[in-house]
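What follows is one structure encoded as structure tokens, with my remarks underneath.
If you're wondering where the values come from, they're calculated on a predicted model, not measured in any experiment.
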Amino acid sequence: MDQDARLALFRRYNPFTSSSVGDPWEDTYPDVPSINDHAFRGLCQLIEQKTASPSLNCAGLILGEVGSGKTHLLGRILEQSKQSRFPFAFAYIQPLEDPEQTYRYLLREVMINLFHPLETSPQATQFRRLVTRVVHEGSSAPALPRRTGITPALFVEMQQRAIRRLSTAYPAISVRFLQILFQYAVLERRAAAMYWLTGRVLDEADAALLRVPDRARASVAMLEEEARDMLVSLGLLLTRYRQPLVICFDRLENLETDEQTHALGKMIEFLVDKAQAMLPIACFRGLQWEEKFRHKLNQHVSSRLETNTFELRGCAPEQAVAIVQSRLAALPGHHDAETLWPFDRKELLKTFHLGLYSPRRVITLANQRLREILAEEPQPPVSPLETLREAFATQYQAIVQDFERYQPDRGRLRRALELYVQYGPPQCLPLESGQEKYIDFVTELRLADAEAIPAAPLTDPEQHHGSAGACLPPGIAVLPEQPSGRAGYIR
């Protein structure tokens, strides 16, 4: 490939356009192992200790400013979990919106991560690996019989034997949780079992199929307690098989209210003190940790996190060059992994000689230099609105491509509606939060050349008709009091 053709390749595929890692599961960008290696090795040692002693009360704290590689480091932990001789489970959790669903949110996000397909096969998941071990508890033979050799009667016998063994070893384990694990092993019941395990409300047919109570009749407190019990039971299974679960809380700068921060502390305290074999790791921006979060969290939680603190550092000059080289090597059609062309090594080392740049800043500077080499005009400033549009488009595509990974969340939907009302069309005026369980909030809607009318949105993320039946009457009840009002049902 001649020089002009190679430059044309860079014009089509600029490897430095993006400098952020969206989700560790996506495995988007190449890794430079030496960057923040001290933090990686420290976290691996912590995980090894948790593997050896599942009841060890500990947590981890990663501190780093914007672009320092926090999410990328979590991606390295995920890759380590796949390659480790003694595999551990991994869950990546973003901030919750609704503090009233603290344990249900934690349960749902943990299970969605455990259901995430591994690279080897769409059917291979962290959860399936665990279920295989549980089913093996019910086998009287050293090895599991072939699937075709398991009759319904043998399956029931295996389930009963496994539940007896596990309940004897761990009296606190939930029998119903174990029963649903066995239902997951049955292909015809797997979808319903997965839905139940994430804490969702099943429709009548699926509830009957799994023989579980109807959650639609349960109170918020009962649902939270059930989620806690399921997480405790999951921890006991992970303890038995020496397979800890590393739970990574990221993007915590998006916690806006004290209630959300306290809910995070509640989750971490539970994982450290109550749920065995679970290791919480929280990622904060360094300054925000000191100025905002450290004093808002329970002192017990803060001290547990700070016991194992890992501060991310800027890139040394050679590390910065390695980032540039790794991005170049990942370019489609660029086969020479050793070359830095079209960059000059000495020039790059001079640019990064201070050794203070974050990985994101290194990529930004490389992008600027590449555009100069290609004789392209400097990129115009990007407006906040355009940044928001790009972020929305990226997140939209991620959700469309993996609906299972992004389950509907009423808290996020409600927050999106609140932001729309607050910053959207001027004819929307927020008034008050909804006092009824199903009404999100009440606003006034001003139509063209008309008086303001009250409007109440009702979001319903559940996927069964019973939820619709429970959600619609409160909206309808608003209308006789406000004949000109509107109740919007969002499903």
Shortest non-hydrogen contact from Lys296 toward Thr261: CB-CG2, 4.0 Å
side-chain hydrogen bond (donor to acceptor under 3.5 Å, both in side chains) partners for Asp250, two or more places apart: Thr71, Tyr92
Contact summary for Lys70 and Phe284, nearest pair of heavy atoms: CD-O, 3.7 Å
Test side-chain hydrogen bond (donor to acceptor under 3.5 Å, both in side chains) applied to Asp206 and Tyr195, step by step: CA-CA 9 Å; Asp206 283 343; Tyr195 205 69; over 6 Å; no
Phe10 side chain reached by Phe16 side chain, heavy atoms, under 4.5 Å: no
Asp37 with Arg76: basic N within carboxylate O range, under 4.0 Å: yes
Side chain proximity check, Met230 to Trp196, heavy atoms < 4.5 angstrom: yes
Close side-chain approach of Thr125 and Leu130, heavy atoms under 4.5 Å: no
Flag if over 12 foreign heavy atoms under 6.0 Å of CD, Gln397: yes
Over 12 foreign heavy atoms within 6.0 Å of CD, Glu311: no
Any residue meeting salt bridge (Lys or Arg N to Asp or Glu O under 4.0 Å) with Arg304, in chain and number order, not counting sequence neighbours: Asp273
Arg285/Glu253 ion pair, N-O < 4.0 Å: yes
Show which side-chain atoms of residues 162-173 pair as donor or acceptor with protein atoms under 3.5 Å away, not counting sequence neighbours.
from	atom 1	to	atom 2	distance (Å)
Arg165	NH1	Glu137	O	2.4
Ser167	OG	Ile163	O	2.8
Thr168	OG1	Arg164	O	2.7

Salt bridge (Lys or Arg N to Asp or Glu O under 4.0 Å) between Glu226 and Arg104, worked out: CA-CA 8 Å; Glu226 182 189 45; Arg104 281 175 289 169; over 6 Å; no
CZ/Arg12: more than 12 non-hydrogen atoms of other groups inside 6.0 Å: yes
Closest non-hydrogen atom pair, Ala39 against Leu312: CB-CD2, 3.8 Å
Ring geometry between Phe90 and Trp25 (parallel below 30°, tilted from 30 to 60°, perpendicular above 60°): perpendicular
Glu100, CD: over 12 other non-hydrogen atoms inside 6.0 angstrom: no
Working for salt bridge (Lys or Arg N to Asp or Glu O under 4.0 Å), residues Lys274 and Glu269: CA-CA 8 Å; Lys274 302 297 183 183; Glu269 186 172 11; over 6 Å; no
Student check: side-chain heavy atoms of Glu306 and Arg294 closer than 4.5 Å: yes
Heavy-atom check, side chain of Cys283 versus side chain of Cys248, under 4.5 Å: no
ring-ring contact (aromatic ring centres under 6.0 Å, His included) between Phe310 and Phe40, worked out: CA-CA 9 Å; Phe310 306 96; Phe40 176 70; over 10 Å; no
